[in-house]
J.: 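Below are the structure tokens for one structure; questions will follow.
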Amino acid sequence: MRLGINLGYWGAGMDGDNLAVAQEADRLGYDVCWAAEAYGSDAPTVLTWVAAQTESIDVGSAIMQIPARQPAMTAMTAATLDSLSGGRFRLGLGVSGPQVSEGWYGVTFDKPLARTREYVEIVRKAMSRERLTYDGQHWTLPLPGGPGKPIKLTVHPQREHIPLYIAAIGPKNLEQTGEIADGALLIFPSADHLEETAVRHLRAGREKAGKTMEGFDVCPTVPLAVGDDVPGLADMFRPYTALYVGGMGSRKQNFYNQLAQRMGYEKEAAEIQDKYLSGDKTGAGAAVPHRLIDQTTLLGPVQRIAERMQAYAAAGVTTLTLAPAGFTREERIAAVRAGTEALELSGLAE
């Protein structure tokens with residue numbers, strides 16, 4: 001099993017810290033460094049900055065939002081980043097959610113699976129430097145009846161095939177991801193439930209495409225906090241868990257709330273959402289069960305974290321991406337180092 005690092009969103013006074021974390025992960029041999037975007041910092045700019053100041057670690061978008069860019073623009077960005085980084089770019093895509101898609105980008109959040117499939121097909125075709133034509137439900141290239149003509153990408157990516165990942169949570173999205181992508185970006189992964197909530201759906205998609213799980217990257221992001229006080233460390237993540245389970249999306253469309261329900265927390269997920277949407281964020285955090293936090297994070301001494309890493313590997317994880325907690329640069333870098341120590345202790349290091 002390989003290790004990744006997730007910088008989250010750039011800004012919030014942690015710019016220098018994030019770069020230092022990425023550089024330490026690079027020095028320690030982490031496989032990939034991911035950056036996120038929502039409605040603040042964009043991923044490609046951050047990844048360009050990181051790639052320019054690291055040597056061997058891959059840089060990946062987790063995610064570039066599908067409603068934010070036309071697919072040809074995404075292909076251009078991916079090809080440029082792959083070229084500039086010396087073949088170290090990984091393209092992670094996702095549809096975002098209805099609030100961001102419609103409120104920030106003005107793009108209707110409808111038929112996300114069909115839209116994702118078409119988007120991926122266009123991106124792959126453009127990155128392969130074929131002359132770009134496409135006749136789909138959501139995109140038609142060139143536009144009919146106008147001056148547009150089929151053209152091809154002029155930039156040469158470093159590699160013939162840039163790894164493409166999709167952020168997936170729901171069963172149908174997971175199955176499609178297994179079918180059309182090279183890897184899956186997962187969030188709130190519990191090793192205890194990973195087979196039933198994710199891997200079996202990914203496997204079904206691979207089988208649909210006539211493939212096995214061999215070479216497919218199952219890549220969840222897991223918050224990491226090192227120390228002896230496990231309950232105290234878990235409390236650090238109450239606001240984070242409450243935000244996703246309770247506040248992401250609408251009451252009817254919250255993919256993370258639905259995931260918590262599939263993990264057996266139906267009653268608790270409803271309570272968290274009720275409190276969060278009513279404005280009681282503190283109460284929502286207090287309603288998060290300790291076990292839910294512990295199952296979806298890496299908490300405790302290095303030995304305990306190593307044992308949890310073994311459980312993730314046994315559940316099918318191939319790249320475990322860590323999101324190190326800490327209030328200072330030194331704390332976060334110490335967590336990155338602890339991740340390497342735990343992986344070596346687990347016996348899983350490649």
Side-chain angles (χ1 to χ4, degrees), residues 9-10 33-52 58-144 146-168 173 176-177 180-183 185:
Y9 305 109
W10 206 254
C33 173
W34 302 97
E37 67 181 22
Y39 40 92
S41 57
D42 72 293
T45 304
V46 173
L47 296 173
T48 303
W49 177 249
V50 171
D58 278 10
V59 293
S61 55
I63 55 169
M64 286 169 63
Q65 298 168 303
I66 285 174
R69 301 169 183 86
Q70 291 294 331
M73 181 71 241
T74 293
M76 291 165 58
T77 303
T80 306
L81 265 168
D82 196 59
S83 177
L84 290 174
S85 66
R88 291 190 283 143
F89 179 63
R90 303 186 193 184
L91 174 60
L93 300 171
V95 293
S96 188
Q99 291 178 323
V100 174
S101 182
E102 300 192 7
W104 188 245
Y105 296 118
V107 175
T108 303
F109 191 82
D110 65 338
K111 300 182 179 178
L113 293 180
R115 188 179 293 272
T116 298
R117 182 182 290 272
E118 289 193 12
Y119 198 95
V120 168
E121 288 174 352
I122 296 169
V123 168
R124 285 199 189 279
K125 190 169 186 178
M127 289 194 301
S128 72
R129 303 190 68 247
E130 295 180 40
R131 291 197 177 275
L132 189 54
T133 61
Y134 194 82
D135 184 14
Q137 180 181 359
H138 299 281
W139 286 276
T140 302
L141 300 168
L143 287 175
K149 62 180 183 179
I151 51 181
K152 67 179 182 180
L153 185 69
T154 60
V155 174
H156 290 255
Q158 184 77 13
R159 294 164 296 173
E160 290 186 5
H161 182 86
I162 296 174
L164 190 150
Y165 293 68
I166 295 174
N173 192 5
Q176 178 171 277
T177 296
I180 68 175
D182 302 305
L185 300 171

J.: How many angstroms lie between atom CD1 of Ile122 and atom OG1 of Thr74, to the nearest 0.5 angstrom?
T.: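 Spacing of CD1 (Ile122) from OG1 (Thr74) equals 10.0 Å.
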J.: Would you confirm whether Ser83, through its side chain, and Ala79, through its main-chain N or O, come within 3.5 Å as a donor-acceptor pair?
T.: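 Absent.
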J.: If you take all heavy atoms of Ile63 and Glu37, which pair is closest and at what distance?
T.: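 Heavy-atom minimum between the residues: O-CG, 3.0 Å.
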J.: What verdict does the side chain to side chain contact (heavy atoms under 4.5 Å, CB included) test give for Phe89 and Asp58, after you've listed the backbone C-alpha separation in whole Å, the side-chain angles of each residue and the deciding distance to 0.1 Å?
T.: CA-CA 6 Å; Phe89 179 63; Asp58 278 10; over 6 Å; no
J.: Over all heavy atoms of both residues, which pair between Asp182 and Ile162 is shortest? Give the atoms and the distance, please.
T.: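 Heavy atoms of Asp182 and Ile162 come nearest at OD2-O, 4.0 Å.
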J.: Strictly distance-based, threshold 3.5 Å: is any side-chain N or O of Asp82 a donor or acceptor partner for the main-chain N or O of Gln158?
T.: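 Side chain of Asp82 to backbone of Gln158, a donor-acceptor pair under 3.5 Å: yes, one is there.
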J.: Start with the C-alpha gap between Tyr165 and Leu93, add the side-chain angles, then the distance that decides, and say whether side chain to side chain contact (heavy atoms under 4.5 Å, CB included) holds.
T.: CA-CA 6 Å; Tyr165 293 68; Leu93 300 171; over 6 Å; no
J.: Taking only residues two or more places apart in sequence or in another chain, which ones pass side chain to side chain donor-acceptor pair (under 3.5 Å) with Trp139?
T.: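 Checked Trp139 against side chain to side chain donor-acceptor pair (under 3.5 Å); matches are Gln70.
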J.: Just verifying a value: how many Å separate Ser85 OG and Arg90 CZ, rounded to the nearest 0.5 Å?
T.: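 Output value for this atom pair is 11.0 Å.
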J.: With a 3.5 Å distance limit and no angle check, can you tell me whether Glu118 reaches the backbone of His138 through a side-chain donor-acceptor pair?
T.: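 Checked: pair present.
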J.: Could you tell me the separation between the CG atom of Leu153 and the OG atom of Ser128, rounded to the nearest 0.5 Å?
T.: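 Here the rounded value is 9.0 Å.
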J.: Write down the atom of Met127, the atom of Ala78, and the distance for their closest heavy-atom approach.
T.: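 In terms of heavy atoms, the two residues are closest at SD-CB, 3.7 Å.
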J.: Taking Arg88 for the side chain and Ala51 for the main chain, is one N or O donor matched with an acceptor at less than 3.5 Å?
T.: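 Judged by distance alone, yes, a pair lies under 3.5 Å.
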J.: If we count only N and O atoms by modelled type, under 3.5 Å, do the side chains of Thr133 and Lys125 hold a donor and an acceptor together?
T.: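 Side chains of Thr133 and Lys125: pair found under 3.5 Å.
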J.: Is there a donor-acceptor pair under 3.5 Å between the side chain of Thr80 and the backbone N or O of Met76?
T.: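 Pair found, side chain donor or acceptor close to backbone of Met76.
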J.: Which atom names give the shortest non-hydrogen contact between Leu47 and Ser61, and what distance separates them?
T.: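 So the two residues come closest at CD1-N, 3.6 Å.
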J.: Which distance, rounded to the nearest 0.5 Å, do you find between the CD1 of Ile166 and the CD1 of Ile180?
T.: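 Atom-to-atom, Ile166:CD1 and Ile180:CD1 are 4.0 Å apart.
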J.: Considering non-hydrogen atoms only, spot the tightest contact between Leu164 and Arg124 and give its length.
T.: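 Leu164 and Arg124 have their closest heavy atoms at CB-NH2, 3.9 Å.
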J.: Give every donor-acceptor pair under 3.5 Å between a side-chain atom in residues 105-114 and any protein atom, sequence neighbours left out.
T.:
from   : atom 1 : to     : atom 2 : distance (Å)
Tyr105 : OH     : Ala38  : O      : 3.4
Tyr105 : OH     : Gln65  : OE1    : 2.4
Asp110 : OD1    : Arg115 : NH2    : 2.9

J.: Check step by step if side chain to side chain contact (heavy atoms under 4.5 Å, CB included) holds for Thr45 and Trp49.
T.: CA-CA 6 Å; Thr45 304; Trp49 177 249; 5.9 Å; no
J.: Mind checking the CD1-CZ spacing from Ile151 to Arg129? Nearest 0.5 Å is all I need.
T.: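 Atom-to-atom, Ile151:CD1 and Arg129:CZ are 12.0 Å apart.
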J.: Identify the heavy atoms of Pro150 and Arg131 that sit nearest to each other, and give their distance.
T.: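 Scanning both residues completely, I find the closest heavy atoms to be O-NH1, 3.4 Å.
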